[in-house]
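Beneath this line is the structure, given in structure tokens, with notes to follow.
Naming convention: chains lettered A, B, ... in sequence-line order (proteins, then strands); numbering from 1 in each chain. Predicted model, so just to flag it, every value in this text is computed and none were measured.
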2 protein chains.
Amino acid sequence: MATIKDVAKVAGVAISTASYALNNSTKISQATKKKVEEAAKSLNYQKNGFASDLKRTKTNTIALVLSDLSGPFYSELIQGVQDITSANGYDLIACSSIGGPQSTAVRFLKEKRVDGAIILAHNISDEITLESARKDFPLVVLDRTLENEFVYHVEADNVQGAYTATEHLIQHGHEDIAYVSGPAISHDSIRRFQGYQDALKAHGIPYQSKWKFSGDFTKKGGYRATKLMIAQRDLPEGIFYANDEMAIGGLQAFQENGIDVPGDISIIGYDDIELAEYVNPPLTTIKQPKYDTGALSVHLIFQLLAGEKVNHHYKLPTELVTRQSVKLKTKVSE
Amino acid sequence: MATIKDVAKVAGVAISTASYALNNSTKISQATKKKVEEAAKSLNYQKNGFASDLKRTKTNTIALVLSDLSGPFYSELIQGVQDITSANGYDLIACSSIGGPQSTAVRFLKEKRVDGAIILAHNISDEITLESARKDFPLVVLDRTLENEFVYHVEADNVQGAYTATEHLIQHGHEDIAYVSGPAISHDSIRRFQGYQDALKAHGIPYQSKWKFSGDFTKKGGYRATKLMIAQRDLPEGIFYANDEMAIGGLQAFQENGIDVPGDISIIGYDDIELAEYVNPPLTTIKQPKYDTGALSVHLIFQLLAGEKVNHHYKLPTELVTRQSVKLKTKVSE
DNA sequence: GAATCCTATTGAAACGTTTCTATAAATGAA
DNA sequence: TTCATTTATAGAAACGTTTCAATAGGATTC
């Protein structure tokens, strides 16, 4: 590989001149600039990114840390991140945190191979996040809250979203409303449970622990929780699943047992994944402002890199998407 | 940030000693090794990745170049890539080629910020690929063929897959079979068209150009092509859509026009995306060995990095997934 | 024509590692 | 005791850039 030394030699100038010429410095005459560029072209010269980064102590790259590169993909969120990143002339790379402390993601964070990072990876421990965060290396976390001077937090408002979902069921005449949770440690699930409880309370419906079921954010988990409910022969009037995947699993369980949704029971999900529109019946759910979440996250990083001060916490509003899995309950008896 | 210099100073040793100690050289006594490690810990030392890469001229990282980080995601393919990469102790990063020559992907390729790359991005020009490929920098392309000493090619067998799909329709009694293509320049689409034609020929069915429709691999494109077919009031007996997305768009068009699939017309897709199973009717389609494609790609890269010789072209077999969008045609009249 | 100011160019240091080579100390053989 | 050998450590060069400070020469001013 040709280096800048070779280019300088061929062009007959000093190394520094070559560097200036290739970096469009104004101090270089047009003639020498041309000479250098031609030399570079003839040698098929490409700068060595590492050497350059090393000297500049700046990479012009933002990392998006995902728990698993192979999905589930938050494509709108990434779109938001991507758009803003490239609008600012930065590069974006995605890396996975599979493998824990040995993972690519952790290496990139610790070795500061990027200028800033957005973390959406439950398997990156808080400890590692805190160790990596430092001055001039802003970190935005999306799936947890963390108190640290250099860690920032953006989230869709889980409490409000869950409140809306639950209230929607209540407004459709349902009182016995179950909640199918995500993993116990999930920040999102905990918040959504909070919103669920808040809504019940606000409408004078006492919370009953028998209506809380444990899921794990997977289709199978939703299926199992629902089977359990059915087996207990004591169905609620409505179910709020902490995410769409589980709701779809639940749908399958109901189908298998000849229980009609929404005829016999109303259900509502959370996330508005692509599939939600296609299942039968189409799933009513809560849509999160994913694009905005992504866009805001990078935006904050750029503000911070520019030395501005920003808040440590941001909450974005969610939105109810009405489809056909919730039905108005006409109180026949009672 | 603490550097190795600081560590050496605190530990009271030379820089080189510190370096050896941190890199587990055998020549260092246990005592000093411990001393250095403690110093590193106390300073929260993290090595500078660039400096290290610069000296080593090796990054231990493989890049996966995607046309758009926000999907459509070939999650199984990525899984394959990921598994093999980490099994070899390498890091994997994904980067996008949005923005053409200014994109992150192109920079990473040209500036050789990785040891090898897998390219699955139609918007990376052949020219750039060829410019980037060089000795000790193996490139695997998945969505085109390219003749170059340092470029390798892995693909699911498009011709065979399309042949199988078309033959499946033929074997179900269909003769008038339409093909809805992807973008004209798409390598995949062209190959699939070839397979379609081959199957017709093999079964003595003449190819009619009126049965070729232009799509673009999107849902909307499939919808439009299908609408056009319906408007012409001359429907084929079966349609082979060059991918599932378009088939699903087509399904919607048929639904809107009260045409029953597969009662009135059989359709088949290509890809076996997740949605295919959920649409109504579930879509018969061709499944590609995505995981294997990904795994083989990285495997080749490692072989090449190790100095081994491998073939330049690999073709992996596809598989028919039978669902309910194709029906046996009982020839009532004629 | 001397003094001043630009402008284009150069030389050299620096970024933080790794690694080759040299050296000093410790060990062993004679 | 001396010399050779091993071992642990140190010194310094190198990787390929960028950029500060220095310089030379030409243009401008009076």
Side-chain angles (χ1 to χ4, degrees), chain A residues 1-40 43-61 107-108 110-115 134 136-137, chain B residues 1-40 43-61 107-108 110-115 134 136-137:
Chain A
M1 284 261 63
T3 73
I4 201 171
K5 235 184 216 164
D6 304 317
V7 174
K9 197 181 289 172
V10 169
V13 298
I15 295 177
S16 48
T17 307
S19 175
Y20 283 127
L22 294 171
N23 288 293
N24 298 312
S25 166
T26 54
K27 307 216 137 193
I28 298 293
S29 73
Q30 283 304 312
T32 43
K33 187 172 176 193
K34 194 162 194 175
K35 226 168 30 180
V36 172
E37 279 167 353
E38 273 164 9
L43 290 168
N44 193 19
Y45 166 75
Q46 292 296 344
K47 86 161 148 202
N48 180 311
F50 301 122
S52 170
D53 287 344
L54 175 59
K55 193 72 227 291
R56 289 202 214 257
T57 60
K58 188 164 178 316
T59 68
N60 255 269
T61 306
R107 265 200 27 191
F108 271 63
K110 290 204 159 185
E111 296 179 5
K112 195 173 175 335
R113 284 164 180 275
V114 289
D115 291 345
R134 45 189 180 265
D136 299 321
F137 190 38
Chain B
M1 286 262 62
T3 74
I4 200 170
K5 237 185 214 163
D6 304 317
V7 174
K9 196 181 291 171
V10 169
V13 299
I15 296 177
S16 50
T17 307
S19 176
Y20 284 128
L22 294 171
N23 288 294
N24 299 313
S25 166
T26 54
K27 309 214 136 192
I28 297 293
S29 74
Q30 283 304 311
T32 44
K33 187 171 174 192
K34 196 162 194 175
K35 224 167 33 177
V36 172
E37 277 167 353
E38 273 164 9
L43 290 168
N44 193 22
Y45 166 76
Q46 293 297 342
K47 86 161 147 203
N48 180 310
F50 301 123
S52 171
D53 288 343
L54 175 58
K55 195 74 226 295
R56 289 201 213 256
T57 60
K58 189 162 177 318
T59 68
N60 254 268
T61 306
R107 265 202 25 194
F108 271 63
K110 290 204 156 185
E111 297 179 5
K112 197 172 176 333
R113 285 165 179 274
V114 288
D115 291 345
R134 46 188 178 268
D136 299 322
F137 189 39

Task: Nearest-Å distance for atom pair CG/P, residues B/N60 and C/dT18 - done: 13 Å

TODO: Please say whether more than 12 non-hydrogen atoms of neighbouring residues, nucleotides or ligands are located less than 6.0 Å from NZ in B/K9.
DONE: no

Open item on the list: On DNA chain D, does the nearest nucleotide to A/K47 precede the nearest nucleotide to B/K35 from the 5' side, or the other way round? Give the residue.
Closed with: B/K35

Open item on the list: When you measure from the side-chain N and O atoms of B/T17 to the phosphate of D/dA10, is any distance below 4.0 Å, counting only OP1 and OP2?
Closed with: yes

Task: B/N24 vs B/K33 side-chain heavy atoms within contact, under 4.5 Å - done: yes

- [ ] Mind calculating the distance between NZ (B/K5) and P (D/dA12) to the nearest angstrom?
- [x] 13 Å

- [ ] Check the distance between C/dC15's C1' and B/I4's CD1 and give it to me in whole angstrom.
- [x] 14 Å

Open item on the list: Between C1' on C/dT18 and CG on B/N24, what's the gap in Å once rounded to a whole number?
Closed with: 14 Å

Open item on the list: When you measure only distances, ignoring hydrogens and angles, does the side chain of B/K55 come within 3.5 Å of the base of C/dT17 through a donor and an acceptor?
Closed with: no

Task: Flag side-chain contact, heavy atom, 4.5 Å: A/K27 against A/Y20 - done: no

Open item on the list: In this structure, how many angstroms lie between the C1' atom of C/dA26 and the NZ atom of B/K27, rounded?
Closed with: 15 Å

- [ ] Respond yes when some side-chain nitrogen or oxygen of B/N23 is under 4.0 Å from OP1 or OP2 of C/dT18, and no when none is.
- [x] yes

TODO: Choose from C/dT17, D/dT9, C/dG11 the nucleotide whose nearest atom is closest to any side-chain atom of B/A51.
DONE: C/dT17

TODO: Check the distance between D/dG16's C1' and A/L43's CG and give it to me in whole angstrom.
DONE: 15 Å

TODO: For B/D115 and B/T59, test the side chains for any donor-to-acceptor distance below 3.5 angstrom and give the result as yes or no.
DONE: yes

Task: Side chain A/N48, main chain A/F50, donor-acceptor under 3.5 Å - done: yes

Task: Out of D/dT18, D/dC15, C/dT18, whichever nucleotide has its closest atom nearest the side chain of A/S52 - done: D/dT18

Task: Touch class at under 4.0 angstrom, heavy-atom based, for A/S19 against every strand present - done: base

Open item on the list: What's B/S16 touching, base or sugar-phosphate or nothing? Going by heavy atoms closer than 4.0 Å.
Closed with: base

Task: Nearest-nucleotide comparison on DNA chain C, the residue closer to the 5′ end among A/R56 and B/I15 - done: A/R56

TODO: Would you please confirm or rule out a distance under 4.0 Å between OP1 or OP2 of C/dT17 and any side-chain N or O of B/Y45?
DONE: yes

TODO: For the side chain of A/T32, starting at C-beta, report the closest nucleotide among C/dT9, D/dA10, C/dT17.
DONE: C/dT9

TODO: Whole angstrom is fine here: how far is it from NZ in A/K9 over to P in D/dG16?
DONE: 12 Å

Open item on the list: So A/Y20, base contact, sugar-phosphate only, or nothing? Heavy-atom distance under 4.0 Å.
Closed with: base

TODO: For atom NZ of B/K34, decide whether the heavy atoms of other residues, nucleotides or ligands shown that lie under 6.0 angstrom number more than 12.
DONE: no

Task: Interatomic distance where NZ belongs to B/K112 and C1' belongs to D/dT17 [whole Å] - done: 17 Å

Open item on the list: When you measure only distances, ignoring hydrogens and angles, does the side chain of A/S29 come within 3.5 Å of the base of C/dA8 through a donor and an acceptor?
Closed with: no

TODO: Between C/dT17, D/dG16, D/dT17, spot the one nearest the side chain of B/L54, thanks.
DONE: D/dG16

